There are 2 protein chains.
Amino acid sequence: MSDAESPIPGATVARLVDYLAVLTRLADAGVSKVSSNELAEAAGANPAQLRKDLSHLGSYGTRGVGYDVSYLQIQLDQHLGAGLDLPVVIVGVGNLGRALVNHTGFSSRGFKVVGLVDADPALTGEQVEGLTIVGDAGLETLIARTGATIAVITTPAEVAQQVTDRLVASGIIGILNFAPTALSVPSNVTVRKVDLGSELQILAYHCRVPGSKDSLLSAWNEQSNELAGADPL
Amino acid sequence: MSDAESPIPGATVARLVDYLAVLTRLADAGVSKVSSNELAEAAGANPAQLRKDLSHLGSYGTRGVGYDVSYLQIQLDQHLGAGLDLPVVIVGVGNLGRALVNHTGFSSRGFKVVGLVDADPALTGEQVEGLTIVGDAGLETLIARTGATIAVITTPAEVAQQVTDRLVASGIIGILNFAPTALSVPSNVTVRKVDLGSELQILAYHCRVPGSKDSLLSAWNEQSNELAGADPL
DNA sequence: TGCTGTGAAACGGTTCACAGCC
DNA sequence: GGCTGTGAACCGTTTCACAGCA
């Protein structure tokens with residue numbers, strides 16, 4: 001079903017991306033068929049959910065058999081709009097920014113970093129992975145020249161909003177925000193936030209609580225309680 | 001309400017972490033009172049949701065007035081178990097791993113990177129931010145010595161599962177996984193996955209679709225349709 | 001009066017169970 | 001028989017509307 005204009009649930013999209021990654025790996029490994037069980041396990045999902053997810057795009061499997069790996073891969077590619085080599089600019093060339101320039105996960109999924117911007121004059125002109133870092137003032141020109149529509153922000157939180165405003169004014173419509181601050185943008189612009197500190201903190205919370213009693217993490221709490229002013233929980 | 005044993009909804013936990021970050025910033029700026037409107041806006045949430053979220057931990061506000069910034073900050077700290085300087089080890093000292101060692105968002109939220117592991121013999125012994133990189137074989141010893149219970153994996157996907165197995169066997173109960181692969185762990189271990197490539201791809205999808213027609217991103221599609229293999233710049 | 005705290009309704013997403021097809 | 005596709009039940013989350021309190 002579902003050939004109308006993509007009403008794909010947001011949560012499903014996130015998983016489709018994972019399925020696609022697994023399919024690509026399987027195809028490279030020469031595997032030609034998968035069942036929903038196998039694919040779901042490899043992607044860390046459950047089979048019923050995978051089938052439900054796929055049912056939002058169409059019926060690409062064969063009952064009693066499974067899915068043809070490369071066929072399903074192509075279908076997901078199309079639905080997700082992958083394989084385009086979309087140009088991306090990175091604003092903020094600190095440690096994280098530099099790590100992302102080299103990140104293989106970007107290129108392997110159809111993105112190409114085409115520009116780097118950093119406000120620090122000491123960095124202007126420096127070469128990173130074949131790209132020349134552009135100064136603050138060059139942001140607008142860079143975007144116009146490269147035709148980038150997606151930007152990654154890895155600046156300090158304090159300047160993230162101003163950078164955002166200039167990106168949006170320059171035609172950027174998608175922002176991946178690593179700065180630990182909320183960004184306000186017009187409704188036609190999409191922001192996705194990734195806060196690495198938050199991720200760790202959320203993880204730590206889930207370690208503390210769900211393990212029925214206190215989970216092993218409380219071992220550390222007790223250990224550090226010797227000279228702790230506050231008590232946990 | 002809710003003084004029983006923390007049945008805090010998972011989705012709420014993620015936001016509480018953000019509220020806490022904003023509160024910390026406000027406290028540093030000398031602000032002493034916030035309303036749910038202000039706090040929600042600063043954290044990128046909506047006021048009703050914020051109040052609902054907070055109601056899971058207790059009644060820490062004053063009706064008709066708002067919240068006392070530092071008091072609420074302390075309460076969130078306690079409920080989230082923050083402020084403990086939890087020791088964390090990073091396995092895989094590539095570009096991303098190095099960026100995380102220096103990441104201020106870790107230390108500011110109560111985590112301390114206490115160890116680095118990398119299988120590349122060329123890196124063994126190298127100093128990064130005052131820490132000496134330990135070889136593959138030293139993983140177990142490092143964890144025992146530092147008492148770390150949380151690990152960050154930034155290795156290639158191919159070795160992530162073996163690394164995980166050894167981490168778990170060494171007593172690690174929380175893993176932040178940056179490798180683009182699903183990890184299987186015993187039920188007492190919590191894994192949180194962050195796939196940077198996926199994040200970009202999900203962002204790109206949301207840019208393509210929701211903008212009613214085709215959104216500006218299709219401008220790039222058309223532009224690149226002139227010659228299929230053409231690349232920007 | 002104004003803002004918090006919260007039941008209750010509405011929503012979206014997940015899980016279940018089985019019909020449908022190979 | 002086996003595995004996909006999918007309606008229907010289930011569950012968690014969000015939103016709403018207003019009661020409760022300074």
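Since the structure is predicted, the reported quantities are computational estimates derived from the model, not experimental observations. Residue numbers start from 1 in every chain, and the chains themselves are labelled A, B, ... in the order their sequence lines are given, proteins ahead of strands.
Expressed to the nearest 0.5 Å, how far CG of B/L167 lies from CD1 of B/I173 amounts to 12.5 Å. To the nearest 0.5 Å, atoms NE2 (B/H206) and CD1 (A/I8) are separated by 10.0 Å.
In this model, the phosphate group of D/dT4 is approached by a side-chain N or O of A/S36 to a distance below 4.0 Å at OP1 or OP2. Side-chain N/O atoms of A/Q49 include none lying less than 4.0 angstrom from OP1 or OP2 on C/dG13. Residue A/N46 places none of its side-chain N or O atoms closer than 4.0 Å to OP1 or OP2 of C/dT14. Side-chain N/O atoms of B/Y67 include none lying less than 4.0 angstrom from OP1 or OP2 on D/dA22.
Residue A/Y60 contributes atom OH, which lies 18 Å from atom P of C/dC21 at whole-angstrom precision. Going from atom CG of B/D53 over to atom P of D/dT13 covers 10 Å, rounded to whole Å. The nearest whole Å value for the distance from the CG atom in A/L16 to the C1' atom in C/dG13 is 14 Å. Remark: C1' of D/dG5 and CG of A/L50 are 12 Å apart, rounded to the nearest angstrom. Rounded to a whole Å, the NE2 atom of B/H56 is 10 Å from the C1' atom of D/dG12. Rounded to an integer number of Å, the gap from B/K52 NZ to D/dA17 C1' is 12 Å. Counting to the nearest Å, the P atom of C/dT4 and the CG atom of B/L57 are 15 Å from each other. Between B/L54 atom CG and D/dT14 atom C1' there is a gap of 15 Å when expressed in whole angstrom units.
Between B/Y60 and B/H79, the angle of the ring planes lies from 30° to 60°, which puts this pair in the tilted group.
Mapped onto DNA chain C by nearest heavy atom, A/G64 and A/A11 fall at different nucleotides, with A/A11 at the one closer to the 5' end. Summary of the strand contacts: B/V65 and A/A48 both lie near DNA chain D, and taking for each the nucleotide with the nearest heavy atom, the more 5' one is attributed to A/A48.
Using modelled atom types, one side-chain atom of B/E38 and one backbone atom of B/S35 make a donor-acceptor pair closer than 3.5 Å.
Not a single donor-acceptor pair, N or O on each side, falls under 3.5 Å between the base of D/dG5 and the side chain of A/R63. For D/dG5, its base sits under 3.5 Å from the side chain of A/R51 at one donor and acceptor pair at least.
With distances taken from any side-chain atom of B/S35 to the nucleotides C/dT6, D/dT4, C/dT4, the minimum falls on C/dT4.
Nucleic acid contact for B/N37: none, since no nucleic acid atom lies under 4.0 Å from a heavy atom of the residue.
Scanning both residues, A/V88 and A/V152, for their nearest heavy atoms gives CG1-CG2, 3.7 Å.
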